[in-house]
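First the structure, in the form of structure tokens, and then the observations on it.
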Amino acid sequence: MEFLIGRLLEDAAINLGLRDVVEEVLDGLGLSFTALTEDEPDAALGNGGLGRLATCYMESMATLACPAVGYGLRYEHGLFRQSFDHGRQIETPEDWLATEAPWNFTRPESSYGVGFGGSVEDVEGRPVWRPRARVRATAHDTPVVGYGGKWANTLRLWAAMPTADLFDLERFNAGDIVAASNHEALARALSRVLYPSDSTEEGKELRLSQEYFLTSASVQDILRRYLTDHTDLTGLPDRVAIQMNDTHPAIAGPELIRLLVDDHGFAFDTAADLTTGVLGYTNHTLLPEALERWSVGLMQKVLPRHLQIIERLDSREIEIAGPRPDGVGLIGDGAVKMGDVAFVTSHRINGVSALHTELVQRDLFPVLDRRHPGRILNVTNGVTPRRWLKLANRPLARLVTDTVGEGWETDLDRLSDLERHLDDPGFLEAFGETKHLAKQRLTQWLDDRFDISVPTGALYDIQVKRQHEYKRQLMNILWTIARWQRIRRDPDNGGQGWVPRVKIFGGKAAASYRAAKDIIRLINDVAEVVNNDPVTRDLLRVVYPPNYDVSMAEKLIPAADLSEQISTAGMEASGTGNMKFALNGALTVGTLDGANVEIRDHVGAENFFLFGLTADEVVERRGVPGHARAAIEDSQALRDVLQAVAEGTFSPDDHHRYDSLLDNMWNNDWFLVASDFDSYDAAQSEVDRVYRDPALWQRRSVINMSRMGYFSSDRSIREYMAKIWDVLPVV
Ligand code: 26Q
């Protein structure tokens, strides 16, 4: 459902080996390459990590010559644009299609009908679905060029159009004009807008219809392609693999079974076996509110035939794996559980980091895992080094080539050669210079774009990601307040001075997510006070540039000294920003969560600022009544911070602005900000200590970068190819 693409021009130019040539030619014409690239809209057809991962994987598949099509929706409006009004988030519609899209190739010949609603009739003992409405899906293709330019794949995005077939016309002629135009309204709505909620359940009929529209068009396209070269559909699992990106397309199982049974005459069990052989399911979240469930009533209304198939799949699961405990099954509490549907229709289910996969096994699918042992496996996420190093950080990429030679772009383990230069003063100086340059580029941009001025000589401490309580931007800003209070109390820190810090935040909150929006406002309110305080100005700044997107990430990440990966343990499935920062030489302050665990294993515990409760301790602590109150009462620093917020220090015009946030801190604190605060504070002191020793910091920075080879998305894709898809490169 999501591809968070960003801009493509420079990416394509790099992968074709033409970037510098293009720049030179444009120079000769008096045109600026940078200005040209910035003319391209940043395509944000995704919310966050899941959509960006899909895009990195598309790029890696093209680079590895793994023949693949990425299927998605051509949303007219991508993720909303974020701006701030007196610190409050305002959402406005995004308009990436407003300008001519040079990457778009419309394929009117690739077009399919997708049915909705209606009823299932029994025709001579066979079920026949008679949909009430039909919408056409038309393909819009974007080429995805692999590094080296030897192979390209296709990103195929479906646009919804009203059907002009007899079906409508009959109704129209019969005088049912409203019903006939309902199709038009449905079609226009289907690919109109991306659902802007990251990890929150949206029980909307339109969302289910969007999911089915994407899935049906894609599965039909896959069968059509297969049948142009083959006649026997029993060979499907040997030739086709479909990987579901979370449960958003989980109706793919029932849909493929429907097409095999209803259109191609297969027996149900054969169809189900073929389907399971084809499908794989990647889980990206454990948050209960993000696990998709559709009420039986809604399923009956929108997809009556699929509901029958799901019921049949449910009985089949018992036939295959034997009697099962009460309360287990694809349908429960009046709703279809899409995670369970995805599980039983897939031959492999994977989590996205080692810890996450363990939790998927233990907490999400304990029963299904026991009944179908060996289906769950781990594929740790990765990021493409082409975009996230070569494109985003050209000076550093050049230094890498000068130091380890050519070819690291497709063999990221080669970064380990950097460690041989840990005592080479020439290399270290050049390495330091690349960080300095990145900071200069960033400050220049902040100044040009937002009129924000920040010092370049400070520690750049960055947290950019979607706003969500479990990611704990709140802990970060509360700590920033503590820092401000300390500097004010003792401006020269007992004679040793303060490490100057620039605290940078970025990220959008779902429009309806009240708590996340309160936190955004608090960060902006704190920035207003702190940045205008003459006592602390040179030592502490808080910056929140609005509308964080892929292009902004490319500017921020290279400039970071410190990467904030501070989620409540057990809640961040993997994280991928954590990998991008470390690849650009940032050190991480983080919890034992998601891929942080593996990053720390790779870079060495001594090169990672660890703090906080473990995932098991988090579960235990939540069971302790009054844990938040106790933690606050134990922490002088946190008490002072909360008191300042409560007194209206950052909201002088409205002392009650943060009442609900504070009440939640004292009396609930599900995400354990209070419990982890002192431990985070200690880790931040250690950050200061190491940063005061530039040689030590730089050594750790080089080590971090040099050990990031494992986190290339090429490694992840090779694992999918070998362990799930059973496919080899075609070049
Ligand atoms: C569901 C129903 C209705 C509307 C929207 C949604 C919805 C949309 C997006 C639910 C979830 C998402 C996105 C989830 C996501 O981005 N997960 C992230 O996936 C990354 C890639 O694996 C991980 O690195 C992150 O840890 C995980 O949070």
Side-chain angles (χ1 to χ4, degrees), residues 1-4 44-57 72-73 75 78-80 193-212 214 243-251 281-294 298 335 337-339 342 350-357 359-360 378-384 464-472 507-513 550 565-581 590-591 593-599 615 711 713 716-717 720:
M1 291 289 281
E2 304 198 8
F3 289 95
L4 195 45
L45 310 185
N47 274 290
L50 166 146
R52 183 54 235 175
L53 184 78
T55 310
C56 282
Y57 282 0
L73 289 181
Y75 303 107
L79 188 60
F80 65 82
V193 60
L194 166 77
Y195 267 82
S197 33
D198 173 278
S199 316
T200 40
E201 191 195 18
E202 281 287 348
K204 295 270 165 56
E205 179 172 345
L206 179 59
R207 168 80 186 186
L208 175 61
S209 302
Q210 282 187 324
E211 292 181 351
Y212 180 60
L214 160 70
Q243 192 66 28
M244 298 187 283
N245 201 23
D246 216 288
T247 55
H248 312 159
I251 199 68
Y281 156 45
T282 304
N283 174 280
H284 295 267
T285 186
L286 301 166
L287 301 185
E289 65 271 28
L291 299 177
E292 291 189 294
R293 303 162 63 93
W294 298 108
L298 183 63
K337 296 180 267 182
M338 296 313 279
N350 76 286
V352 290
S353 71
L355 173 64
H356 169 67
T357 299
L359 299 175
V360 165
N378 178 246
V379 182
T380 297
N381 285 169
V383 301
T384 170
V464 285
K465 46 183 82 251
R466 281 299 287 259
Q467 277 288 350
H468 206 294
E469 286 163 286
Y470 82 78
K471 295 174 187 283
R472 297 199 293 194
K508 302 176 184 182
S512 57
Y513 192 170
V550 172
Q565 307 300 336
I566 60 179
S567 51
T568 313
M571 302 200 74
E572 189 70 271
S574 161
T576 45
N578 47 5
M579 302 166 188
K580 295 164 195 168
F581 278 102
T591 47
D593 200 15
N596 293 354
V597 177
E598 290 153 84
I599 290 175
F711 300 98
S713 44
S716 311
I717 287 300
Y720 279 96

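Note that the numbering runs from 1 along the sequence shown for the chain. For ligands, and for the atoms within them, numbers begin at 1 and follow the listed sequence. Reckoned from all heavy atoms, side chains included, excluding hydrogens, waters and symmetry mates. A quick note: this is a predicted structure, and the numbers were derived from the prediction, not measured.
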Next on the checklist: Quick check: closest heavy atoms across Trp294 and Lys204, and the distance to 0.1 Å?
Outcome noted: CZ3-O, 3.5 Å

Checklist entry - Sequence neighbours excluded, which residues qualify as side chain to side chain contact (heavy atoms under 4.5 Å, CB included) partners of Ser209? => result Phe116, Leu190, Glu205, Val302

Please check if any side-chain donor atom of [X] sits under 3.5 Å from a side-chain acceptor atom of [Y], or the reverse.
X: Asn245; Y: His284; result: yes
X: Lys465; Y: Gln565; result: yes
X: Ser567; Y: Asp593; result: yes

Checklist entry - Just wondering, do Val352 and Thr282 contact through their side chains at under 4.5 Å, heavy atoms? => result yes

Can you produce the list of protein nitrogen or oxygen atoms under 3.5 Å from a nitrogen or oxygen of ligand 1, alongside each distance?
| from | atom 1 | to | atom 2 | distance (Å) |
| --- | --- | --- | --- | --- |
| ligand 1 | 16 (O) | Leu50 | N | 3.0 |
| ligand 1 | 22 (O) | His284 | ND1 | 2.6 |
| ligand 1 | 22 (O) | Asn381 | OD1 | 2.9 |
| ligand 1 | 24 (O) | Gly575 | N | 2.8 |
| ligand 1 | 26 (O) | Glu572 | OE1 | 2.6 |
| ligand 1 | 26 (O) | Ala573 | N | 3.3 |
| ligand 1 | 26 (O) | Ser574 | N | 3.0 |
| ligand 1 | 26 (O) | Gly575 | N | 3.1 |
| ligand 1 | 28 (O) | Tyr470 | OH | 3.3 |
| ligand 1 | 28 (O) | Glu572 | OE1 | 3.1 |

